[in-house]
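As structure tokens, the structure follows; a few thoughts come after it.
Below, all heavy atoms of this structure are taken into account, side chains as well, without hydrogens, waters or symmetry copies. Remember, it's 1-based here, ligands and their atoms both numbered in the order they're listed.
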Amino acid sequence: MSRVQRITVLGATGSIGLSTLDVIARHPERYEVFAVSGYSRIDELLALCIKHLPAFAVVPSDASAQVLRQGLKAAGLRTEVLVGEAGLAQVAADPQVDAVMAAIVGAAGLSPTLAAVRAGKKVLLANKEALVMSGALFMQAVRESGAVLLPIDSEHNAIFQCLPGDFSRGLAQVGVRRILLTASGGPFRETPLNELNEVTPEQACAHPNWSMGRKISVDSASMMNKGLELIEACWLFDAKPAQVEVVVHPQSVIHSLVDYVDGSVLAQLGNPDMRTPIANALAWPERIDSGVAPLDLFAIARLDFQAPDEQRFPCLRLARQAADAGNSAPAMLNAANEVAVEAFLQRRIRFPEIASMIDHVLNREPVVAVEALEAVFAADQRARVLAGQWLDSHGR
Ligand code: NDP
Ligand code: MG
């Protein structure tokens with residue numbers, strides 16, 4: 001490889017952001033941090049600037065910029081501080097940048113991720129919500145700009161690794177019958193159904209296998225995460241929803257599988273540590289050390305598989321409904337879910353009400369075509385209004 005690659009890490013203060021910076025720091029001869037962004041954790045962002053010496057840091061407001069600038073000055077650093085969406089778009093699209101890690105959580109990540117795509121960058125996509133919201137427009141932008149889109153979500157990175165290099169010719173053309181998307185089942189896989197009403201945010205965020213941000217942890221507990229991933233897989237691999245089957249696999253060792261017409265099934269295995277897919281995408285098509293321990297199959301001893309229980313996990317059914325409906329439905333599903341998860345984390349609704357709120361929003365509004373980004377944001381806003389109304393009448 002020729003020169004050092006410059007990386008922008010959007011959402012650097014989060015779980016994926018920190019894992020990305022960990023992998024980058026292991027390979028100073030290959031990578032340097034060009035820019036980082038944070039939102040609420042400005043002290044952590046300052047510590048990351050001191051450690052990784054980026055040229056730019058992006059924060060959401062003038063007030064947080066002032067705090068960060070003071071800290072940078074005291075540390076004798078010359079990192080330039082940028083503010084808001086314009087700042088995020090700038091560091092995503094800067095001509096000096098080789099790759100962008102899109103690891104902002106939720107709909108807030110869509111605009112900066114698209115800025116990186118439109119600038120034709122190598123885009124490492126963790127922010128699944130961006131693709132779920134705007135799938136057709138997002139993939140069209142990838143094709144038009146020539147951006148290289150590499151999945152970070154462990155399942156999608158696994159599928160990417162199990163597919164042939166020319167899979168974009170079409171799954172049928174390369175002999176794929178089905179994609180098998182594995183799911184851990186989260187912390188409530190075996191909780192008695194009548195106890196789900198009482199589960200707390202702390203219990204929902206205590207994932208048995210993965211350490212993640214709070215939003216995706218709740219999504220994993222409700223299995224909405226798998227629903228979003230189903231939609232994500234359809235866009236990334238040009239699959240029909242019916243071609244993607246969810247398989248509950250509690251050990252989270254097999255990260256997903258591809259089933260071929262000749263009966264071969266290829267799987268990718270590894271310890272549940274996001275540094276593996278991050279290192280895979282950063283170095284692709286080469287391989288680099290990620291810091292993840294080798295897999296010890298003797299310690300794991302067994303791998304189990306179950307069909308998902310849609311009575312326990314109604315969010316999975318709602319996501320499939322949105323995947324089948326397409327158009328504005330996935331953006332509405334995503335927005336309603338973001339409002340519901342936040343309300344659950346604030347103890348305003350009970351865990352099973354996450355699905356009730358989304359069901360209400362999805363079935364309240366006709367599905368409309370989304371031919372421009374404005375229509376995506378309009379669907380997102382409409383769903384947030386409907387979810388807010390539901391919350392006012394049902395929430396605490
Ligand atoms: P975290 O909550 O740990 O981090 C989220 C990041 O986004 C933080 O840097 C946060 O800043 C920033 N952020 C939050 N809100 C905003 C906003 N409105 N505008 C700009 N930045 C914002 O989440 P994760 O790292 O767990 O997840 C990030 C993305 O990756 C999600 O889309 C998730 O679905 C996906 N993902 C995560 C996996 C994981 O293992 N964690 C696995 C697969 C996918 P701050 O912390 O400073 O407030
Ligand atoms: Mg995943």
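In terms of protein heavy atoms, atom 21 (N) of ligand 1 is closest to Ile104 CG2, 3.5 Å. Protein heavy atom closest to atom 33 (C) of ligand 1, with residue, atom name and distance, is Ile216 CD1, 3.9 Å. Scanning all protein heavy atoms for the shortest distance to atom 45 (P) of ligand 1 gives Thr13 OG1, 3.2 Å. Among protein heavy atoms, the minimum distance from atom 32 (O) of ligand 1 is reached at Glu129 OE1, 2.6 Å. Summary of contacts: the protein heavy atom closest to atom 12 (C) of ligand 1 is Tyr39 CB, 4.0 Å. Among all non-hydrogen protein atoms, the one lying nearest atom 38 (C) of ligand 1 is Ile16 CD1, 3.5 Å.
The side-chain heavy atoms of Asp359 and Pro314, taken from C-beta on, include no pair separated by under 4.5 Å. Side-chain atoms of Arg214 and Val218, non-hydrogen and from C-beta on, never get closer than 4.5 Å to each other.
Within the 4.0 Å heavy-atom cutoff, Ala103 counts among the residues contacting ligand 1. Residue-ligand proximity: Lys215 is placed with every non-hydrogen atom at 4.0 Å or more from ligand 1.
Between the OE1 atom of Glu155 and the OE2 atom of Glu229, the angle taken at the Mg ion (ligand 2) works out to 100° after rounding to 10°.
Partner of Glu155 under the side-chain hydrogen bond (donor to acceptor under 3.5 Å, both in side chains) criterion, chosen from His255, Lys226, Gln268: Lys226.
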